[in-house]
Amino acid sequence: MKVLPAEDKVARVANERPSVVTDVSKEIRDELNRGCPLGVSRVIDFVYICGAHALPGAVKTLRPSLVVNAAPELPPPPEDYVPRHYVPLLDTPNSDMHPYMESVADLINEVVTRDEAVLVHCVAGVSRSVTLCLAYLIKWHKMTLRDAYHHMKRRRPQIRPNTGFFKQLIKYEERLFGEASVKMVYCEAIDKEIPDVYEPDYRGMTWFRQRYGPIENC
């Protein structure tokens with residue numbers, strides 16, 4: 001795997017696919033998110049992501065032209081007069097994200113082409129909002145799903161779309177590019193299928209289970 005110099009790691013992402021760096025220091029992550037309010041991450045220029053707790057500060061600081069709200073369970077926002085686009089999905093593997101991937105990606109691109117900011121959020125900024133941002137990167141920045149995932153993980157390490165959403169992203173990438181860069185694999189540690197990009201996070205659990213037996217028996 002090619003590791004870029006620090007100055008290349010924080011270069012602006014254009015339409016080309018970025019080199020994948022899966023582990024970065026806090027200093028580099030802070031540089032990538034420079035200017036973002038607390039709890040907010042920069043997906044790419046003019047596109048930001050956060051959880052509900054960071055939303056008031058993010059709206060005040062970033063002054064987005066559009067807020068994409070992917071958390072229907074949250075109470076109505078205060079009247080801050082920022083246009084909102086609602087994605088009425090719960091964070092469950094059975095929720096169908098397909099109808100929203102394309103439309104939200106196009107909506108984000110429409111705002112960004114005017115050099116105006118878009119803020120995407122769900123409850124935690126981990127699953128639903130990340131799925132929508134990944135779809136945007138795949139369609140409009142021509143990233144593979146694998147590259148888009150690592151691109152976002154460098155900026156927001158806690159990202160973790162649920163497995164149902166990831167399967168839908170795999171199908172979305174296949175439809176756009178004709179092939180998938182991520183596959184679902186069996187994870188012994190949790191006895192479930194996961195996207196292969198999640199495997200590094202579970203290696204320690206797998207080792208523990210192989211050595212000591214099921215975690216629930218300890």
| request: Take atom CZ of Arg63 as the centre, draw a 6.0 Å sphere, and report whether it contains more than 12 heavy atoms from other residues, nucleotides or ligands. | output: no
Is it the case that more than 12 heavy atoms not belonging to Arg114 sit under 6.0 Å from its CZ atom? yes
Discussion item. Quiz question: by atom type and distance under 3.5 Å, do the side chains of Asp191 and Tyr186 form a donor-acceptor pair?
Written reply: yes
- Query: What about Ile49 and Val67, same hydrophobic cluster or not, with Ile/Leu/Val/Met/Phe/Trp/Tyr joined at side-chain heavy-atom distances under 4.5 Å?
  - Reply: no
NZ (Lys183) and CD (Glu193) are apart, to the nearest 0.5 Å, by 11.5 Å
**Item:** salt_bridge(Arg128, Glu73) N-O dist < 4.0 Å
**Value:** yes
Distance col, row Tyr149:OH vs Arg146:CZ, nearest 0.5 angstrom, shows 10.0 Å
| said: For a 4.5 angstrom cut-off between non-hydrogen side-chain atoms, does Val47 reach Tyr136? | reply: yes
When rounded to the nearest 0.5 Å, the distance separating CG of Leu66 from CZ of Arg84 is 9.5 Å
Kindly work out whether a path of hydrophobic side-chain contacts (I/L/V/M/F/W/Y, heavy atoms less than 4.5 Å apart) joins Leu119 to Met152. no
(Q) Before you tell me yes or no, could you show the steps for His151 and Leu137 under side chain to side chain contact (heavy atoms under 4.5 Å, CB included), namely the whole-Å CA-CA distance, both residues' side-chain angles and the distance that decides it to 0.1 Å? (A) CA-CA 9 Å; His151 171 91; Leu137 292 174; 3.8 Å; yes
_When you measure from the side chain of Lys142 to the backbone of Lys139, do you find a donor-acceptor pair of N or O atoms at a distance under 3.5 Å?_
yes
* Identify whether NZ of Lys or CZ of Arg in Arg160 sits under 6.0 Å from the centre of the six-membered ring of Tyr198 and within 45° of that ring's axis. => yes
Side chain to side chain, Leu132 and Met97, heavy atoms closer than 4.5 Å: yes
Closest non-hydrogen atoms of Leu74 and Cys122, given as atom of the first, atom of the second and distance, are CD1-O, 4.1 Å
Tightest non-hydrogen contact, residues Ser95 and Phe165, listed as O-CE2, 3.5 Å
Any donor-acceptor N or O pair under 3.5 Å, side chains Ser181, Glu173: yes
Heavy-atom closest pair (Ala70 atom, Ser129 atom, distance to 0.1 Å) is CB-N, 4.5 Å
Residues Met101 and Leu169: closest non-hydrogen pair is CE-N, 3.7 Å
Less than 4.5 Å apart, side chain to side chain, heavy atoms only: is that true for Asp91 and Asn162?
yes
His98 vs Lys171, test: side chain to side chain contact (heavy atoms under 4.5 Å, CB included). Steps then yes/no. CA-CA 9 Å; His98 276 122; Lys171 290 182 179 179; 4.0 Å; yes
>> Using the rule that Ile, Leu, Val, Met, Phe, Trp and Tyr join whenever any side-chain heavy atoms are under 4.5 Å apart, tell me whether Val82 and Val104 fall into a single cluster.
In response: no
Here the gap from Leu145 atom CG to Leu176 atom CG, rounded to the nearest 0.5 Å, amounts to 11.0 Å
If two hydrophobic side chains count as joined below 4.5 Å and joins carry through other members, does Val126 share a cluster with Val120? no
Look at Lys60 together with Asp80 and state whether they make a salt bridge at an N to O cut-off of under 4.0 Å. no
**Prompt:** In terms of hydrophobic clusters joined by side-chain contacts under 4.5 Å, are Leu90 and Val130 together?
**Reply:** no
Closest heavy-atom pair, Leu62 versus Ala117, reported as atoms and distance to 0.1 Å, is O-CB, 4.3 Å
Review point. Does the side chain of Leu134 reach to within under 4.5 Å of the side chain of Pro161, using non-hydrogen atoms?
Key: yes
Value for CD1 (Ile138) from NE2 (His141), rounded to nearest 0.5 Å, stands at 12.0 Å
### Task
Would you please say whether a donor-acceptor pair under 3.5 Å links the side chains of Tyr172 and Glu102?
yes
- Less than 4.5 Å apart, any side-chain heavy atom of Val197 and any of His150? yes
Side chain to side chain, Leu107 and His85, heavy atoms closer than 4.5 Å
yes
### Message
So Arg156 and Arg42, do their side chains get closer than 4.5 Å, heavy atoms only?
### Response
no
Inset, instruction - Verify whether the ring centers belonging to His121 and Tyr48 lie closer than 6.0 Å. - result: no
Between the CG atom in Leu89 and the OG1 atom in Thr131, the distance rounded to the nearest 0.5 Å is 9.5 Å
Check: Got a salt bridge between Arg34 and Glu31, using NZ or NE/NH1/NH2 to carboxylate O under 4.0 Å?
Finding: yes
Closest heavy-atom pair, Ala58 versus Cys50, reported as atoms and distance to 0.1 Å, is CB-SG, 4.4 Å
- prompt: Do Lys167 and Met184 come close enough that some side-chain heavy atom pair is under 4.5 Å?
  reply: yes
